[in-house]
Amino acid sequence: MVTDQSDQSAPHAGTIDEEPREECGVFGVWAPGEEVAKLTYYGLYALQHRGQEAAGISVADGQQVVVFKDLGLVSQVFDEQILHSLKGHVAVGHCRYSTTGSSTWENAQPTFRTTASGKSLSLGHNGNLVNTADLLERSERAGITTKNGATTDSDLICGLLAAYATGDVSIEQAAMELLPTLRGAFCLVFSDESTLYAARDPHGVHPLVLGRLERGWVVASETAALDICGASFVREVEPGELLAIDENGLRSSRFAVPEPKGCVFEYVYLARPDTAISGRSVHATRVEIGRRLATEHPAEADLVIPVPESGTPAAVGYAQASGIPYGMGLVKNAYVGRTFIQPSQTIRQLGIRLKLNPLRDVIRGKRLVVVDDSIVRGNTQRALVRMLREAGALEVHVRIASPPVKWPCFYGIDFASRAELIANGLDFDGVRRSIGADSLGYISLESMVAATEQPRSRLCAACFDGHYPIELPGAALIGKHLLESVEKGVAGAATPVLVNGYGAEDALQRP
Ligand code: SF4
């Protein structure tokens, strides 16, 4: 049974930045005797950077599953009273940025279904599937209707899982049947009334880790979320593995042969610096990228400054390797980018100044090296260079801790369409001139990969080199709003047609 206690009238989040959007954060806990809703709240707090459009927690007590979710930051959605009302020993938490489907209440997670045998199922998903159209077809054949207008691949997974769990087929058995048929990137955390489940796609594109509490277990997108709730790291959930945790302990099943292709962008930008992926510290990776960047693209300068926060470790590395002093030249207004107050046109025109403010005393009269994590459309860097010059910088040398982003991501990150990516429209010097820098240097793909200390063969770097490790269907069958276009019956299409797809329309036309 589900009790939905959420406020469905909340406004939509307003966003005023153009950075790559993270996918989602997932968290699960099985711990009798613990306040699982509060543990999940803190876990989601640690994962807030992965999704800031919506947040939700489901709690199960052996008898029922209660879901509370809403649009907004974790701290906006939950308060003491709500958390106190969510009682049980199993919880699933989710914070969302939409990669398939719009930012609406219906699309917030955990998503909920009732199985044919009357069990409750709540599910949170991080990543993005590439066979959503195929799942939709299967759902229609199985007579599964879209729940409350939800239009996400995650809702389809939950619906199919519930449909497969009929009669004496357990949810675990249903998952072992369904999971091998999913294509794309998925870290799933789901529960029924008494059992916590976690599954990771065979490529292990995004991270998912298992932790131990004194009286239970935790699964989370990042190790940093284990730290914050006092869980010790046990291991990663393996690519192609399904975990089930209940009073009988922890069971592990393999639903596919692992073919690891971890997202290299997790190391560069997405994950927290205090997280470790495949045993490698994200912070150490970023510092090493900065060191290599200094060797590959040296500069005659007086000061190295980061674009906070994700450019900071690479700037430290650049300063260490180059011998140029490191300093803070920009102060970040950390929370304005995800405000619920829609900025007016006048305020919007302030652009980067809403987010970053220069320290004029530090910058004035200096030749600067400015280190940022990536360039997507180039608008941020253009505004940044202009702002630094206005603050008195003599020269601005831009150094980027990732190679040029030339391809969209279909595995859970929203960059832009290919046409919008600046590195596609302009050559190297064109990008430099466009952003107004005195010089520009990107880390090479080889050096970035070397800094992760992972074999190249075990990483996805498709947004940089266009080699997608998980086969993509035709351009008409992928895209963020695919399900909405189907729902609206665009042009009466029998086959799903992409409308306003974020990054898909031109993605498969090779340069
Ligand atoms: S395409 Fe880029 S962002 Fe997407 S999974 Fe691969 S490396 Fe990560």
Side-chain angles (χ1 to χ4, degrees), residues 18-26 49-51 97-100 125-132 153 182-187 200-208 221-222 239 259-272 275 277-278 280 282 285-286 289 310 373-377 400-418 420-424 442-473 475 478-480 501-504 506-508 510-511:
E18 62 142 30
E19 289 166 357
R21 307 278 168 73
E22 298 87 342
E23 348 77 276
C24 296
V26 287
H49 60 291
R50 299 183 74 88
Y97 172 71
S98 53
T99 46
T100 295
H125 171 210
N126 167 32
N128 197 53
L129 299 184
V130 296
N131 67 334
T132 302
D153 51 354
L182 305 182
R183 300 277 174 270
F186 58 90
C187 290
R200 193 170 173 210
D201 67 80
H203 304 284
V205 176
H206 298 297
L208 187 64
S221 292
E222 295 188 29
E259 292 175 59
K261 297 287 177 194
C263 168
V264 75
F265 210 64
E266 292 276 357
Y267 293 92
V268 172
Y269 174 78
L270 301 175
R272 284 171 59 129
T275 276
I277 304 172
S278 299
R280 174 66 167 157
V282 169
T285 302
R286 291 177 186 168
I289 286 175
S310 49
D373 57 82
S374 56
I375 300 184
V376 179
R377 294 183 184 83
I400 302 297
S402 59
V405 176
K406 290 189 171 178
W407 298 86
C409 172
F410 298 102
Y411 311 139
I413 316 301
D414 262 358
F415 287 115
S417 71
R418 276 200 63 217
E420 290 171 297
L421 296 169
I422 191 170
N424 265 324
Y442 296 91
I443 188 86
S444 65
L445 184 59
E446 297 68 36
S447 283
M448 177 181 66
V449 167
T452 69
E453 297 187 346
Q454 309 300 315
R456 174 70 185 89
S457 59
R458 293 171 70 98
L459 290 172
C460 171
C463 46
F464 303 113
D465 66 8
H467 296 299
Y468 291 95
I470 308 170
E471 199 185 337
L472 302 174
I478 44 180
K480 177 174 173 176
Y502 203 67
D506 55 357
L508 303 179
R510 304 192 68 90

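Every value quoted in this text rests on a predicted model; they were computed, and no experiment measured them. When a ligand or atom number is given, it counts from 1 through the structure's own listing order.
In terms of protein heavy atoms, atom 6 (Fe) of ligand 1 is closest to Cys460 SG, 2.3 Å. In terms of protein heavy atoms, atom 3 (S) of ligand 1 is closest to Ile413 CG1, 3.5 Å. Distance from atom 4 (Fe) of ligand 1 to its nearest protein heavy atom, with residue and atom name: Cys409 SG, 2.3 Å. Of the protein's non-hydrogen atoms, the one nearest atom 1 (S) of ligand 1 is Cys463 N, 3.4 Å.
Taking the side chain as every heavy atom from C-beta outward, Tyr442 and Ser447 never approach each other to under 4.5 Å. Arg200 is listed as a side-chain neighbour of Pro239, based on a closest heavy-atom distance under 4.5 Å. Contact of the Tyr267 side chain with the Leu459 side chain is registered, since non-hydrogen atoms from C-beta on lie closer than 4.5 Å.
The side-chain hydrogen bond (donor to acceptor under 3.5 Å, both in side chains) test with Glu222 is passed by exactly one of Arg272, Arg50, His206: Arg50.
Atoms of ligand 1 found under 4.0 Å from any heavy atom of Cys263, numbered from 1 in the order shown, are 3 (S), 5 (S), 7 (S), 8 (Fe). Interface atoms of ligand 1 facing Tyr411, defined by a heavy-atom separation under 4.0 Å, are 5 (S).
Relative orientation of the Trp407 and Tyr468 rings is perpendicular, given thresholds of 30° and 60° on the angle between their planes.
Side-chain contact of Thr452 with Arg280: a donor-acceptor pair under 3.5 Å is absent, judged by distance alone.
The proximity of Val205 to ligand 1, defined as any non-hydrogen pair under 4.0 Å, is limited to the side chain.
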